[in-house]
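Everything numeric here is computed off the predicted structure, so don't read it as measured data. We use all heavy atoms of the structure for the numbers below, so side chains are in, but hydrogens, waters and symmetry mates are not.
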Number of protein chains: 2
Amino acid sequence: MHFLIVEDTRDVAEAIERRLEKAGHVSDRAETLEDAAHFAAMASHDLIILDINLPDGSGIAFLKRLRAEGNRVPVLVLTARLAVNDKIDALDLGADDYMIKPFDLGELEARIRAIIRRRSGEADRTLSVGLLTFDMAARSVLIDGRPCELTRREQTLLEIFLTNRGRVLDKEDLLVRLFGHDGEKNPNAVELYVGRLRRKIEGSGLEIRTLRGLGYQAVIAETEA
Amino acid sequence: MHFLIVEDTRDVAEAIERRLEKAGHVSDRAETLEDAAHFAAMASHDLIILDINLPDGSGIAFLKRLRAEGNRVPVLVLTARLAVNDKIDALDLGADDYMIKPFDLGELEARIRAIIRRRSGEADRTLSVGLLTFDMAARSVLIDGRPCELTRREQTLLEIFLTNRGRVLDKEDLLVRLFGHDGEKNPNAVELYVGRLRRKIEGSGLEIRTLRGLGYQAVIAETEA
DNA sequence: CGCACTATGACAGCTTGTTGACAGGCTCAC
DNA sequence: GTGAGCCTGTCAACAAGCTGTCATAGTGCG
């Protein structure tokens, strides 16, 4: 999953990012509404975690604009204030949930899971292709019943491919989904991880095809003659 | 086991917590419905001990909401009132049992055990893997028939692993299950206890594997060639 | 054949996990 | 109440293994 964290208190933002990273997700961080708008314009996030109090305005306004533009990305609002109005405003404007600071990171994660689950309507947390099974809850991968050990990055990559089967994924896109927008990584890193993943899921029934100049595509392997 | 105690009389809450702790369990404590709701959102408790009279409302309402949300966690209701209505309401709303204050801690413990037993489908109270046997009632461990002495924390950890075999458990998650939500402990503590537990259950047929960056996983040891 | 793109081995750096030692706290026996 | 002894959890040093860059080899296309 790919999140956007809009939060000007760096400690908090970092803590959230780290927590989500451990769960195998990638986050972008914005400290102002302006940055947030830029990120949101790229429209590729699975969920936005939005602080209300920001140096250049209210997160509420941002949320309002977002919805006005027709952007339906799930939003979880953070607020330091207990103001009931904020809460009501936020939910009225299309926030999916809100949390009052200080909050527990475990709860944040749980609520994020809840939102994602609600939104995607799919309670099922295992993805399967051929002999390969990816259990998102247990964060484990089985191939023909045998456990397959993937590192964090490899898991993230596999999840991306599994949830976008058949779709051609641009290398730039994969780069962002794997590493976020910061610290521009070498596109080669994607090739590297695709290579590593390929070797590990060999014979699983899932194949990652290279489309020269276009990107990669996960397909069900041909049993072929 | 991981409990949630919702009770605003601090003495009572503490007494319960201490008693359960001695039995090797971990508890979170909430003094208001609001706190309780936050904890419950994390949905990781094995049982909730719920007082009816709380400063910000009735525990009954909380229970009602919980069930409305589809949360099936076992609930034991505490009430100072003898009101028959409360009792009926509570059970109708899906409480598993109720006790009238003042009560005996020993009886509370017994009822908790009963609820847990009932809920787990009368499943026998011992967990076995390979040569290892864990008796949940007696909280004792045998390896190849020989007793294996574990400290409270080690037992708790073992129980977590045994009831989540094959599943990858995030270190953050283990931290909460071992220590509850209060007094943020060092993640290293988890590593430490995993290490200690590993040494004690060596050769028992249960193995705790490390998945770097992801967490720990209990698996049946390879007899291997 | 030349070019651009992709694959892969190797490596240095760094994050993450392991472990021994220790100080403080708790329990229990005396 | 006092001391012994064990449990606890932090620290620090060390080990393991993931990461991502570079370099180099391979591949398809015109």
Side-chain angles (χ1 to χ4, degrees), chain A residues 14-15 17-24 26 139 141 148-158 168-202 207-217, chain B residues 14 17-19 21-26 139 141 148-158 161 168-180 182-202 207-218:
Chain A
E14 269 171 14
E17 179 173 17
R18 212 161 325 139
R19 177 64 175 243
L20 294 176
E21 194 177 347
K22 280 194 182 150
V26 176
R139 298 213 69 74
V141 177
C148 168
E149 308 209 350
L150 301 181
T151 68
R152 238 202 344 264
R153 285 272 133 91
E154 290 162 357
Q155 269 195 14
T156 305
L157 187 60
L158 176 60
V168 178
L169 296 164
D170 185 289
K171 206 182 311 185
E172 208 38 57
D173 190 12
L174 287 173
L175 197 65
V176 169
R177 295 214 207 190
L178 267 180
F179 307 109
H181 286 283
D182 45 37
E184 283 308 305
K185 292 286 198 316
N186 192 323
N188 190 349
V190 173
E191 295 156 14
L192 214 201
Y193 279 106
V194 168
R196 285 176 179 162
L197 183 58
R198 267 183 185 144
R199 202 173 321 153
K200 290 201 181 179
I201 64 168
E202 207 162 38
E207 188 184 331
I208 300 171
R209 201 172 285 169
T210 302
L211 283 85
R212 226 183 159 65
L214 295 171
Y216 295 94
Q217 178 190 34
Chain B
E14 269 172 14
E17 179 173 17
R18 209 159 331 138
R19 177 65 174 242
E21 195 177 345
K22 278 194 182 153
H25 305 299
V26 177
R139 297 198 73 74
V141 177
C148 169
E149 311 221 337
L150 300 182
T151 67
R152 235 191 358 256
R153 287 271 132 93
E154 289 163 357
Q155 276 189 12
T156 305
L157 187 60
L158 178 60
F161 277 124
V168 178
L169 297 165
D170 183 310
K171 208 180 318 184
E172 247 344 279
D173 191 11
L174 288 172
L175 198 64
V176 169
R177 295 210 206 192
L178 264 182
F179 305 109
D182 45 35
E184 281 308 304
K185 292 287 197 316
N186 192 320
N188 190 349
V190 173
E191 294 155 13
L192 181 66
Y193 280 107
V194 168
R196 286 175 179 162
L197 182 58
R198 268 184 185 143
R199 204 172 321 149
K200 290 202 181 176
I201 64 168
E202 207 163 36
E207 189 185 332
I208 300 171
R209 299 172 61 205
T210 302
L211 283 86
R212 202 157 252 270
L214 294 169
Y216 295 95
Q217 178 187 35

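- Here Lys171(B) reaches the OP1 or OP2 of dG17(C): one of its side-chain N or O atoms lies under 4.0 Å away.
- Nearest heavy atoms, Arg19(A) versus Glu172(B): NH1-CG, 2.8 Å.
- Using a 4.5 Å heavy-atom threshold, the side chains of Arg198(A) and Thr210(A) count as touching.
- Nearest nucleotide to the side chain of Arg199(B), out of dG20(C), dA7(C), dT8(D): dG20(C).
- Of the candidates dG9(D), dA7(C), dT18(C), dT18(C) carries the atom nearest the Asn188(B) side chain, counting heavy atoms from C-beta on.
- The nucleotide whose nearest atom lies closest to any side-chain atom of Phe179(A) is, among dG20(D), dT6(C), dG9(D), dG20(D).
- When the nearest nucleotides of DNA chain D are assigned to Glu154(A) and Pro187(B) by heavy-atom distance, the more 5′-ward of the two goes with Pro187(B).
- An OP1 or OP2 oxygen of dA7(C) is reached within less than 4.0 angstrom by no side-chain nitrogen or oxygen of Arg196(A).
- Within the 4.5 Å cutoff, no side-chain heavy atoms of Arg177(B) are placed close to those of Val26(B).
- The base of dC5(C) lies close enough to the side chain of Arg212(A) for a donor and an acceptor atom to sit less than 3.5 Å apart.
- Here Arg152(A) reaches the OP1 or OP2 of dT16(C): one of its side-chain N or O atoms lies under 4.0 Å away.
- A donor-acceptor contact under 3.5 Å is not formed by the side chain of Asn186(A) with the base of dT19(D).
- Ranking dT18(C), dT6(C), dG20(D) by closeness to the Thr210(A) side chain, first place goes to dT6(C).
- Nearest to the side chain of Thr151(A), among dT18(C), dT8(D), dC18(D), sits dC18(D).
- Within the structure, every side-chain polar atom (N or O) of Tyr216(A) is placed at least 4.0 Å from both OP1 and OP2 of dC5(C).
- Each of Leu214(A) and Glu21(A) has a nearest nucleotide on DNA chain C; the 5'-most of these lies closest to Leu214(A).
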